[in-house]
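Residue indices begin at 1 and follow the sequence shown.
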Amino acid sequence: MTAETHGFQTEARKLLQLMINSLYSNKEIFLRELISNASDAIDRLRFEALERPELSETDPDYRILIEFDKEAGTLAVEDNGIGMSRQEVIENLGTIARSGTEDFFANLTGDQQQDSTLIGQFGVGFYSAFIVADEVHVLTQKAGEDGGTSWKSTGEDDFVVDQVDTSRGTRVVLKLKQDALEFADGFRLRNIVRRYSDHIGIPVEMPKDDEASDETEVVNSAKALWTRSRSEVSDTEYQEFYKHISHDFEDATTWSHNRVEGKLEYTSLLYVPARAPFDLWNRELPRGLKLYVQRVFIMDEADQFLPLYLRFIRGVVDSNDLPLNVSRELLQQSEDVLSIRNALTKRVLDMLGKMAEEDRENYGAFWDEFGQVLKEGAGEDAANRDLLLNLMRFTSTADESSDQRLSLATYKDRAQASQKTIYYVLGDNLTTARQSPHLEVFKQQEVEVLLLSDRVDEWLMSFLTEFDGWSFQDVMRGELDLPELEKPEDLDDDPLVQRIQEVLGEKVESVRRSTRLTDSASCLVLGDDDMGHQMRRIMEASGQSVPNSKPHFEINGDHPLVQRLDTESDEDRFSDMVLILFDQASLADGTVLLEPGEYVHRINRLLLNLLE
């Protein structure tokens with residue numbers, strides 16, 4: 001087959017330009033990425049060889065080899081793993097098949113120094129080679145196939161693919177840039193391998209004396225980190241292993257390493273990242289833990305071991321009880337897997353709970369990144385809801401800051417002695433929630449109210465009935481039960497209420513005098529079972545039908561506008577004023593007016609009357 005020239009995918013070309021022109025300060029991470037890819041390739045061959053042992057018979061001793069040539073300015077990383085076919089080379093090295101790519105490029109600013117920090121958030125794997133290389137040449141042969149493939153590129157617009165004679169596995173050869181020749185030095189390379197890849201359970205070999213030596217030596221410990229005792233592993237080693245399995249450039253926030261023995265025997269090493277990935281909100285993407293059985297790699301992204309709301313957790317689970325030929329279908333049906341899943345979920349929540357108590361600053365940063373995902377769990381995972389509620393953080397009317405740092409336990413501790421309810425208000429954003437007229441009586445009585453403005457909040461609250469014996473109440477819904485609240489007299493023949501009801505007609509369920517308002521003239525109140533504005537808009541945006549409902553219209557009898565209404569004899573002007581108050585109440589809730597033009601006309605008519 002002859003040589004072919006292919007153009008890079010648009011996103012890949014953009015990423016390559018970022019690598020080529022990168023000001024990323026920690027250039028040496030390219031070697032960690034290439035070794036990590038080589039390790040993954042060997043793990044995959046080990047798994048395939050369980051059913052097809054002939055794939056590895058000709059070269060059964062797995063290894064990663066690093067070679068360099070100072071004079072030529074080259075560096076090579078070679079493995080005898082699964083390798084790639086010609087089509088896989090084109091697909092894997094010419095495109096970025098990864099969700100979140102568009103978000104990544106949307107965050108680019110054009111400032112090379114600032115954009116280089118995004119490299120660490122995205123994790124670019126193979127493409128990081130272009131941080132230090134003018135040209136990259138890949139030689140590879142797929143296990144079980146005859147003939148190899150050559151891939152060569154300078155990282156510009158295209159790459160060349162050709163046929164080549166080579167052995168099983170992959171060899172990546174870098175033609176180093178002039179400012180990266182330090183990576184053609186044995187001492188420098190050994191230090192990098194020991195710093196970043198000592199934990200890999202595959203030997204990394206280098207020439208024993210210098211680049212001209214035929215004899216090689218293993219330069220890493222080549223023992224899977226999770227199989228070692230916690231007392232033997234340093235924090236630095238834990239962090240480097242995290243970066244190996246996650247391809248993250250930042251340190252993890254915290255981790256939990258645990259070995260379980262008894263009815264089930266397994267080891268888990270679970271990490272909490274410092275930053276949310278770009279594709280966190282795509283619930284359909286495959287993600288999960290790396291699964292090993294008796295130290296043999298089985299699969300990436302084994303999502304059966306943690307619930308979906310913990311999809312940001314990275315790590316490894318190694319079981320002694322599962323069969324080596326386990327499939328995703330068998331994992332879904334296994335009682336052992338369910339037991340491990342329940343235990344790992346508890347372990348993650350306990351780890352987060354410990355961080356929330358002992359390191360509030362770091363937990364606050366974690367909550368800013370992953371809090372909304374944990375809220376999914378409080379709705380979906382009834383068995384762990386109490387643990388999750390203790391992890392929830394909110395902002396409230398007592399906090400000037402917009403940061404969500406208030407726990408429900410703290411809310412209870414600083415509540416008034418007679419209070420037995422957790423009050424909250426929903427809004428499209430924090431400003432709308434904080435300025436809601438429904439809060440006025442709570443401010444007057446100095447009762448703290450939680451301000452909920454995340455998209456998931458109304459859905460979440462539909463699942464929550466109580467916390468530690470205290471019920472939840474939406475202050476925009478139904479009758480209030482404040483202990484010191486004076487309720488207005490229930491007058492069936494209230495003339496003003498009846499006149500307003502006649503004007504509004506079918507727009508409202510009822511009109512009544514308010515116990516909520518102290519400063520505003522009016523507000524809209526939802527029925528106890530009505531769908532809220534936030535959830536209604538989400539369902540409408542997704543094309544789903546929503547049930548019809550009408551709000552209750554509450555008026556503040558002490559407000560001058562309402563008192564003026566009571567004395568208005570001109571029915572047309574009375575009608576305009578009522579409809580203006582109704583629309584203003586809708587706007588205060590963050591609701592879009594159905595007839596904004598009519599609202600403007602009514603305002604203009606009243607202004608003209610004032611000028612006459």
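Other residues, nucleotides and ligands contribute at most 12 non-hydrogen atoms within 6.0 Å of the CG atom of D165. More than 12 heavy-atom neighbours from other residues, nucleotides or ligands sit within 6.0 angstrom of CD on E54. Dense packing is recorded around CD of E232, with more than 12 heavy atoms of other residues, nucleotides or ligands lying under 6.0 Å away. Atom CZ of R341 sits in a crowded spot, with more than 12 heavy atoms from other residues, nucleotides or ligands closer than 6.0 Å. Atom CZ of R259 has more than 12 neighbouring heavy atoms from other residues, nucleotides or ligands inside a 6.0 Å radius. Within 6.0 Å of atom CD in Q333, more than 12 heavy atoms from other residues, nucleotides or ligands are found, so the atom counts as buried in its surroundings.
A side-chain donor-acceptor contact under 3.5 Å links T140 to the backbone of M84. Side-chain N or O atoms of T170 include none that pairs as donor or acceptor with a backbone N or O of L139 at under 3.5 Å. No donor-acceptor pair closer than 3.5 Å links the side chain of D303 to the backbone N or O of G288. Of the possible donor and acceptor atoms, none in the side chain of D158 sits under 3.5 Å from a partner among the backbone N and O of T5. At distances below 3.5 Å, at least one donor-acceptor pair connects side-chain atoms of N80 with backbone N or O atoms of D61. Within the 3.5 Å criterion, the main-chain N or O of A252 finds a donor-acceptor partner in the side chain of Q239. Judged by distance alone, the side chain of D454 and the main-chain N or O of V456 form no donor-acceptor pair under 3.5 Å. For E358 (side chain) and M355 (main-chain N/O), no donor-acceptor pair under 3.5 Å exists by modelled atom type. T154 contributes no side-chain N or O that, together with a main-chain N or O of E135, makes up a donor-acceptor pair within less than 3.5 Å. Side chain of R44 to main chain of I82: no donor-acceptor pair is present (N/O by atom type, distance under 3.5 Å, no hydrogens or angles).
Considering all non-hydrogen atoms of both residues, K375 and M392 come closest at CG-SD, 3.8 Å. In this structure, E369 and L280 approach most closely via the heavy-atom pair O-CD2, 4.1 Å. T149 approaches V161 most closely through the heavy-atom pair CG2-CG1, 3.5 Å. Heavy atoms only, all atoms of each residue included: L45 and A143 are closest at CD1-CB, 3.8 Å. S407 approaches R393 most closely through the heavy-atom pair CB-NH1, 3.3 Å. For the pair K175 and A72, the tightest heavy-atom approach, listed with the atom from each and the gap, is NZ-O, 2.6 Å.
The closest side-chain heavy-atom distance from K177 to V132 is not below 4.5 Å. V136 is listed as a side-chain neighbour of V172, based on a closest heavy-atom distance under 4.5 Å. Inter-residue side-chain proximity for I35 and L31 is flagged as met; some heavy-atom pair is nearer than 4.5 Å. Counting heavy atoms from C-beta on, the side chains of I340 and L264 come closer than 4.5 Å. Between L225 and L269 the shortest side-chain heavy-atom distance falls below 4.5 Å. Side-chain contact between T216 and K208 is absent, with no heavy atoms from C-beta onward closer than 4.5 Å. Residues R347 and S268 have side chains in contact (heavy-atom distance under 4.5 Å, counting atoms from C-beta outward). At a threshold of 4.5 Å between non-hydrogen side-chain atoms, the residues E67 and R171 count as touching.
Under the 4.0 Å criterion applied to side-chain N and carboxylate O atoms, K142 and E48 are not assigned as salt-bridge partners. Salt-bridge formation is detected for the pair R228/E237: a Lys NZ or Arg NE/NH1/NH2 atom is positioned less than 4.0 Å from an Asp or Glu carboxylate oxygen.
For the residue pair S229/S231, the side-chain donor-acceptor check at 3.5 Å is satisfied. N37 and D40 share no donor-acceptor pair across their side chains, judged by distance under 3.5 Å alone. D318 and Y266 share no side-chain donor-acceptor pair at under 3.5 Å. With 3.5 Å as the limit, one finds a donor-acceptor pair spanning the side chains of Y292 and D43.
Ring centroid separation for the pair F241 and Y238 does not come in under the 6.0 Å cut-off. Aromatic pair F30/F130: ring centres not closer than 6.0 Å. F159 has its ring centre less than 6.0 Å from the ring centre of F8.
Remark: R287 CZ to R311 CZ distance equals 6.0 Å, nearest 0.5 Å. To the nearest 0.5 angstrom, I64 atom CD1 is 7.5 Å from I66 atom CD1.
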Inset, instruction - May I have the step-by-step check of salt bridge (Lys or Arg N to Asp or Glu O under 4.0 Å) for E28 and R188, ending in yes or no? - result: CA-CA 10 Å; E28 62 192 28; R188 179 85 164 96; 2.9 Å; yes
Inset, instruction - Tell me, with the steps shown, if K290 and E301 meet salt bridge (Lys or Arg N to Asp or Glu O under 4.0 Å). - result: CA-CA 6 Å; K290 283 182 175 288; E301 299 167 339; over 6 Å; no
Inset, instruction - Would you please test V219 and E205 for side chain to side chain contact (heavy atoms under 4.5 Å, CB included) and show each step? - result: CA-CA 6 Å; V219 295; E205 299 179 359; over 6 Å; no
Legend entry - Steps toward side-chain hydrogen bond (donor to acceptor under 3.5 Å, both in side chains) verdict (H137, S150): CA-CA 7 Å; H137 188 192; S150 164; 2.8 Å; yes
Inset, instruction - Kindly indicate, with the supporting measurements, whether the criterion side chain to side chain contact (heavy atoms under 4.5 Å, CB included) is fulfilled by K243 and F249. - result: CA-CA 6 Å; K243 292 170 183 175; F249 287 28; over 6 Å; no
Inset, instruction - Could you please spell out the steps behind the salt bridge (Lys or Arg N to Asp or Glu O under 4.0 Å) verdict for E182 and K70? - result: CA-CA 9 Å; E182 63 185 284; K70 283 184 179 180; over 6 Å; no
Inset, instruction - Apply the test side chain to side chain contact (heavy atoms under 4.5 Å, CB included) to residues L289 and V316: give CA-CA distance (whole Å), side-chain angles for both, the deciding distance (0.1 Å), then the verdict. - result: CA-CA 5 Å; L289 305 177; V316 169; over 6 Å; no
Inset, instruction - Assess whether side chain to side chain contact (heavy atoms under 4.5 Å, CB included) is satisfied between I42 and S39, documenting all intermediate values. - result: CA-CA 5 Å; I42 291 173; S39 172; 5.9 Å; no
Legend entry - Test salt bridge (Lys or Arg N to Asp or Glu O under 4.0 Å) applied to D59 and R63, step by step: CA-CA 10 Å; D59 188 7; R63 72 195 181 284; 3.4 Å; yes
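Annotation: cation-pi pair R405/Y363 absent, no NZ/CZ under 6.0 Å from the ring centroid and within 45° of its normal.
Between Y242 and Y271, the angle of the ring planes lies from 30° to 60°, which puts this pair in the tilted group.
With respect to H247, the side-chain hydrogen bond (donor to acceptor under 3.5 Å, both in side chains) criterion is satisfied by exactly one of R314, R32, E33: E33. Screening E145, E4, E91 for a side chain to side chain contact (heavy atoms under 4.5 Å, CB included) involving R86 leaves a single residue, E4. Each of T345, L291, N342 was evaluated against F305; a single residue qualifies, L291, per the side chain to side chain contact (heavy atoms under 4.5 Å, CB included) test.
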